[in-house]
Amino acid sequence: MNSLRFKAINDLTAEDKEVAVEGSAKITAIFGENVFTLKTAREYLSDEAYKSLVGSIKGGKKIDRLVANQIAAGLRQWAESKGVSHFTHWFQPLTGTSAEKHDSFFTIKSDGTAIEEFDGAALIQQEPDASSFPSGGLRATFEARGYTAWDPSSPVFILEISSGKTLCIPTIFVSYTGESLDYKAPLLKALAALDKAAVDVCHYFDKNVSKVTATLGWEQEYFVIDEAFVNARPDLVLSGRTVFGHSPAKGQQLEDHYFGSIPERVYAFMRDFETESYKLGIPLRTRHNEVAPAQFECAPIFEEVSVAVDHNLLMMDIMDRVARRHKLRVLLHEKPFAGINGSGKHNNWSMATDTGVNLLAPGKTPKTNLMFLTFFVNTIKAVHDYADILRAAIASAGNDHRLGANEAPPAIISVFVGQYLTKVLGDVKERVGSKFDEQDEAILKLDLHRSIPELLLDNTDRNRTSPFAFTGNKFEFRAVGSTANCASPMIALNTILAETLKGFKKDVDALVDKGEKKEIAIMHVIREYVVSSEKVLFEGDGYSEEWHHEAERRGLPNIPTTPLALDSMVTDKAKHLFESNDIYTHAELEARHEIELEKYIKKVQIEARIMGEMVTSHILPACIKYQNKLIENIKGLKDIGLAESAYSNQKQILTKISEHIAKVSDLVEKMIEARKVANAISDTRTKAIAYCSQVKEAYFDSIRYSVDKLELLVDDKEWVLPKYREMLFLR
Ligand code: ADP
Ligand code: MG
């Protein structure tokens with residue numbers, strides 16, 4: 001009885017675990033107070049330095065050394081006024097989290113005097129000891145050093161960690177020879193590619209457009225449970241998910257958690273992490289319970305993609321830190337608990353012009369309707385042509401539990417547009433090949449502006465099964481996993497759209513060159529695109545068996561597991577796409593592919609090890625103890641001369657327990673053997689496939705099946721692992 005499990009349960013009821021939260025200030029009073037915004041910059045920088053910074057943020061202009069010194073001095077002055085003593089280059093290595101290396105402003109001059117210093121060189125470039133960040137062989141091939149370089153497009157901020165405060169400088173992370181080793185560098189390139197391609201297409205409609213910015217509003221799902229339960233579960237500590245655990249009598253079937261009132265302790269935690277987020281300028285707006293017990297969601301107001309990506313990553317970090325303060329743990333894993341919903345991170349995405357137009361908002365006039373249709377249809381075509389690239393961009397061991405299983409959304413990439421737009425596209429398509437005529441005019445005169453939002457309001461939220469849904473004025477990429485760095489899907493999405501728009505411009509120009517009127521040429525190409533990509537459109541239930549058959553008939557790819565989904569990162573098609581848009585070289589793509597495979601292998605390997613360990617040191621001892629009790633009991637009843645019927649029930653339980661023990665032990669042995677075989681494979685892809693099919697698929701579920709049966713059979717008092725009902729319902 002002296003297990004962590006019972007201690008956790010006892011403490012939960014005995015202790016008051018609520019942590020006091022600072023009185024809630026008005027959001028506007030604290031919003032962005034820890035960010036070096038342009039307004040702050042105005043205060044701390046000279047005219048010259050300020051102008052140079054603005055030029056760099058808005059126009060990507062280079063900042064020279066002397067000015068960098070001035071900016072660094074201003075930053076230090078601001079930071080010190082807020083009690084900061086250290087700075088770090090903050091970057092996004094391919095491990096999936098963010099990385100920091102703290103240095104203090106403190107330094108000693110050659111004559112021995114100690115001073116506080118932070119100069120332009122320290123601001124612009126650092127050489128972290130990066131040898132253990134994943135490089136997929138890049139640094140080995142080229143040069144062993146990796147550099148972080150200041151990215152002025154993201155604002156500098158101050159991270160408050162309990163007592164310490166650190167000045168964080170957002171950077172990109174590259175190898176000595178310039179290959180990117182992070183998510184940020186390629187993201188900025190993809191956004192630049194989209195900007196250029198989209199501005200070119202916008203010029204058909206409005207010559208005043210000079211910049212197109214992609215926008216992102218993410219919705220983060222997560223679980224919150226008491227830290228004592230996590231501490232008692234080695235699987236949660238090491239892999240972020242429960243590899244065992246029988247589903248509780250009550251799961252999410254009543255759906256009583258969804259939008260229910262938020263439990264007090266969790267509420268306090270939310271207010272606390274929201275405050276931290278506001279200080280960092282993260283514009284969180286909504287919070288609510290999700291469908292599964294102990295599952296929640298938060299979402300900010302959308303922002304420019306690169307800033308939104310930073311903010312999501314920062315927020316995941318803050319959530320984790322703040323939860324610990326509240327003796328809670330945030331689980332960001334895609335599938336922490338079997339049998340109830342997993343967590344995703346919907347990426348709401350659109351594009352905005354510097355003239356203030358949302359390019360995916362239905363138009364009010366024929367001209368703006370045509371512009372809307374252009375970007376709308378190009379997005380559909382991009383998703384159709386590069387579904388495999390999008391699939392690869394969201395592939396991970398954790399997300400396989402959602403995409404590969406019978407859960408939202410499926411691994412088949414399809415686009416949902418709603419009834420009304422389906423009809424509009426149908427009308428456009430009808431007249432393929434014929435001349436542009438009044439009927440086309442009629443389409444453009446449709447009151448899309450009014451009709452679409454109204455119709456979609458009823459429609460979209462009902463189709464939660466689509467991985468890529470149009471939701472009135474933006475697309476929502478729902479297949480992204482909850483732990484993902486949004487940069488990965490955003491690199492893919494913005495690149496494929498840039499490529500498609502480039503093709504579109506070529507196609508339209510070719511017709512115009514032949515003497516076609518511009519609007520008519522555009523309409524023709526749109527029609528062509530609707531026809532060639534309509535098979536990616538799907539309005540029905542994405543979870544259904546029929547859709548899987550139908551998708552196969554349509555020839556849409558459906559790759560449920562990561563090792564194979566990643567193949568499309570290194571096809572000729574992918575290489576051409578990413579190289580011609582200046583996002584990745586071949587070497588960079590190969591390296592990334594390797595890194596993703598490695599990540600997958602490690603994740604599955606860790607889970608397999610945990611399973612083996614838990615079976616041996618947690619599950620079996622409890623089972624054997626209870627087995628012995630039953631044997632004693634049966635023996636005793638027999639000894640005093642009772643008939644078999646008096647202990648037949650005990651015997652039955654004993655038999656079942658013994659059978660499951662034998663089975664589990666046998667399977668674990670075999671799984672260890674399979675792991676050894678997989679470990680001996682040198683080719684990374686083959687090894688990942690082996691881990692997927694020979695280790696995970698061959699053993700995980702069958703081992704779990706018996707362990708979960710044992711959980712039900714064994715005396716509750718002997719079971720040392722916190723059970724689902726406790727983790728999910730006690731707080
Ligand atoms: P709901 O999905 O509940 O109808 P909204 O449509 O307002 O709510 O927004 C959902 C998410 O989409 C929010 O994070 C929001 O900021 C984001 N969003 C709204 N408009 C855009 C846009 N133009 N570009 C990117 N994200 C957007
Ligand atoms: Mg949504």
Side-chain angles (χ1 to χ4, degrees), residues 27 31 187 190-191 194-195 198 202 209 211-222 258-259 270 274 277-278 281-291 296-316 319 343-364 368 371-372 375-376 378-379 382-383 408-409 416-418 421 448-449 452-480 482 484 486-487 489-494 497:
I27 296 171
F31 192 76
L187 177 67
L191 294 169
L194 178 75
D195 176 18
C202 280
V209 174
K211 187 163 176 63
V212 170
T213 317
T215 50
L216 167 65
W218 42 263
E219 299 166 58
Q220 178 76 51
E221 291 181 329
Y222 60 95
Y258 195 47
F259 284 99
M270 283 178 173
E274 282 168 2
S277 304
Y278 291 141
I282 304 172
L284 287 180
R285 213 185 53 170
T286 58
R287 55 161 112 98
H288 61 80
N289 289 2
E290 262 302 325
V291 180
F296 305 89
E297 180 188 295
C298 65
I301 296 165
F302 70 92
E303 302 174 278
E304 226 178 89
V305 170
S306 66
V307 177
V309 164
D310 284 4
H311 281 169
N312 178 246
L313 210 58
L314 252 180
M315 199 206 58
M316 290 197 285
M319 280 172 104
S343 299
K345 174 151 50 200
H346 296 177
N347 277 206
N348 295 275
W349 165 90
S350 187
M351 290 156 283
T353 65
D354 56 349
T355 52
V357 176
N358 174 355
L359 291 171
L360 290 173
K364 287 183 193 170
T368 50
M371 180 147 97
F372 161 72
F375 284 92
F376 179 68
N378 270 282
T379 307
V383 176
F416 170 90
V417 298
L421 279 165
L448 294 182
H449 175 66
I452 293 173
E454 271 168 25
L455 285 151
L456 278 168
L457 276 185
D458 298 342
N459 248 311
T460 45
D461 258 4
R462 250 185 264 143
N463 199 323
R464 297 200 151 266
T465 66
S466 174
F468 201 91
F470 183 69
T471 48
N473 56 6
K474 62 191 180 288
F475 278 98
E476 187 169 335
F477 191 12
R478 294 176 174 150
V480 184
S482 48
C486 299
M490 284 297 117
I491 292 166
L493 185 55
N494 290 293
L497 190 63

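A quick note: this is a predicted structure, and the numbers were derived from the prediction, not measured. Just so you know, ligand 1 is whichever comes first in the structure, and atom 1 is the first atom listed for that ligand.
Between Met315 and Pro300 there is no side-chain heavy-atom pair separated by less than 4.5 Å. Between Leu187 and Leu191, some side-chain heavy-atom pair lies under the 4.5 Å cut-off.
For Phe475, the ring pair (Phe, Tyr, Trp, His ring centres under 6.0 Å) criterion is met by Phe376, Phe468, Phe470, not counting sequence neighbours. The salt bridge (charged side-chain N to carboxylate O under 4.0 Å, His left out) check on Glu221 picks up nothing, with sequence neighbours excluded.
Within the 4.0 Å heavy-atom shell around ligand 1 one finds Ile301.
Listed here is the closest heavy atom pair of Cys202 and Phe375: SG-CZ, 3.8 Å. Shown here for Ser350 and Asn473, the closest heavy-atom pair between the two residues is OG-O, 3.6 Å.
Heavy-atom contacts of Asn358 reach the following atoms of ligand 1: 23 (N) (cutoff under 4.0 Å). Each of the atoms 13 (C), 14 (O), 16 (O) of ligand 1 lies under 4.0 Å from some heavy atom of Pro300.
For the pair Phe302 and ligand 1, the shortest N or O to N or O distance falls below 3.5 Å. When only interatomic distances are considered, the shortest N/O to N/O separation between Leu216 and ligand 1 does not fall below 3.5 Å.
When heavy-atom distances to ligand 1 are checked against a 4.0 Å cut-off, Leu360 has no atom that comes that close, whether in backbone or side chain.
Looking at Lys474, Glu476, His346 and measuring to atom 10 (C) of ligand 1, the nearest heavy atom belongs to Lys474.
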